[in-house]
Amino acid sequence: MTASLMQTSLQSLWMMWEHVFEFLNRFRSESVYRYGICKLVVRQHHGNSITCQDGRRILAGDWVGELHLDNRQVLKLTRTVGADRAGLSTARLFRIAIKQISQELDSNPELVKVQALTGITLLHRGIIHGIGFEQHPIESKWQQRFYAIYLRFLLRMLHPEGKQRVGHSIEKLSPIMIVISKQSLKERFTVRKKDSNPSSLDGNQDLRDQRKKEAVS
């Protein structure tokens, strides 16, 4: 009982930190959008260039969409349906969010300049399966150590058996950068013309209106 109460208290404190982090993120990005379980931070790429499998090179200064899971939603799922089902639900909701983002990259004037989606994760094996993300190593040693410590700690906070999971699978829990170019994303999620109809077009307009309301600049 005491351990459970302590875990809940730590989770609440972590969510407070998440709120502070979101506020600070506004100063390192041009805008932040919410798509279901994902937050999309629009910012310029810094560091070494990234060469995607389709030949697209992401250079320093290019605009990218940095993906972040909404950990409040992940925590709510974990508490509601349990860790295992929450993992499956997160992967499904992540795919839905990526599909929405792919539609917005050409239709939203503020996102047209985004050349690729990027992210840092420990659990890339499950969450990105079948979406088309490439895996790239984090070249900076200090960044690799920082993300490893940060994400493992996050796993402990969000997962009821997080401490044991980190201990038993530490060799598998190495942070990795996931990347997909804008073109590869469009090719994977392009809607065929024959599937288009007035109702779906109206739905896309509603989506754009909703994104406009949720955007934080």
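Values in this document were obtained by computation on a predicted structure and should not be read as measured data. Counting begins at 1 with the first residue of the sequence.
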Does some side-chain heavy atom of [Y] sit less than 4.5 Å from a side-chain heavy atom of [X]?
{"X": "R43", "Y": "V64", "result": "yes"}
{"X": "Y35", "Y": "E104", "result": "yes"}
{"X": "K113", "Y": "E30", "result": "yes"}

Legend entry - side-chain contact (heavy atoms from CB on, under 4.5 Å) between K186 and L105, worked out: CA-CA 9 Å; K186 287 169 58 180; L105 288 181; 5.8 Å; no

Inset, instruction - Apply side-chain contact (heavy atoms from CB on, under 4.5 Å) to the pair E187 and D54, showing each step before the final yes or no. - result: CA-CA 11 Å; E187 290 175 356; D54 63 0; over 6 Å; no

Without swapping roles, check the side chain of [X] against the backbone of [Y] for a donor-acceptor pair under 3.5 Å.
{"X": "T80", "Y": "L77", "result": "no"}
{"X": "Q73", "Y": "G36", "result": "yes"}
{"X": "E134", "Y": "G132", "result": "no"}

Legend entry - Counterpart residues, salt bridge (Lys or Arg N to Asp or Glu O under 4.0 Å), relative to R56 (two or more places apart):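 Salt bridge (Lys or Arg N to Asp or Glu O under 4.0 Å) check on R56 returns D62.
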
Quick one: pull up [atom1] in [X] and [atom2] in [Y] and give me the separation to the nearest 0.5 Å.
{"X": "L67", "Y": "T118", "atom1": "CG", "atom2": "OG1", "value": "6.5 Å"}
{"X": "S184", "Y": "L117", "atom1": "OG", "atom2": "CG", "value": "10.5 Å"}
{"X": "L40", "Y": "S31", "atom1": "CG", "atom2": "OG", "value": "7.5 Å"}
{"X": "K182", "Y": "L111", "atom1": "NZ", "atom2": "CG", "value": "8.5 Å"}
{"X": "R188", "Y": "S102", "atom1": "CZ", "atom2": "OG", "value": "11.0 Å"}
{"X": "Q103", "Y": "Q100", "atom1": "CD", "atom2": "CD", "value": "7.0 Å"}

Inset, instruction - Tell me whether F146 is reachable from I138 by hopping between hydrophobic residues (I, L, V, M, F, W, Y) whose side-chain heavy atoms are closer than 4.5 Å. - result: yes

Tell me the closest heavy-atom pair linking [X] and [Y], and the distance in Å.
{"X": "L69", "Y": "K39", "result": "O-CE, 3.8 Å"}
{"X": "T51", "Y": "H136", "result": "O-CE1, 3.3 Å"}
{"X": "V114", "Y": "G65", "result": "CG1-N, 3.5 Å"}
{"X": "S181", "Y": "A116", "result": "CA-CB, 3.9 Å"}

Legend entry - Donor + acceptor pair across side chains of Q44, H46 (<3.5 Å):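 Checked: Q44/H46 side chains show no N/O donor-acceptor pair below 3.5 Å.
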
Inset, instruction - Go through V42 and E110 one step at a time and tell me if the side-chain contact (heavy atoms from CB on, under 4.5 Å) criterion holds. - result: CA-CA 9 Å; V42 180; E110 298 179 17; over 6 Å; no

Inset, instruction - Give a yes or no on whether Q143 atom CD has more than 12 heavy-atom contacts from other residues, nucleotides or ligands under 6.0 Å away. - result: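 Yes, enclosed.
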
Legend entry - Worked check of side-chain contact (heavy atoms from CB on, under 4.5 Å) between I37 and V74: CA-CA 8 Å; I37 204 167; V74 176; 4.1 Å; yes

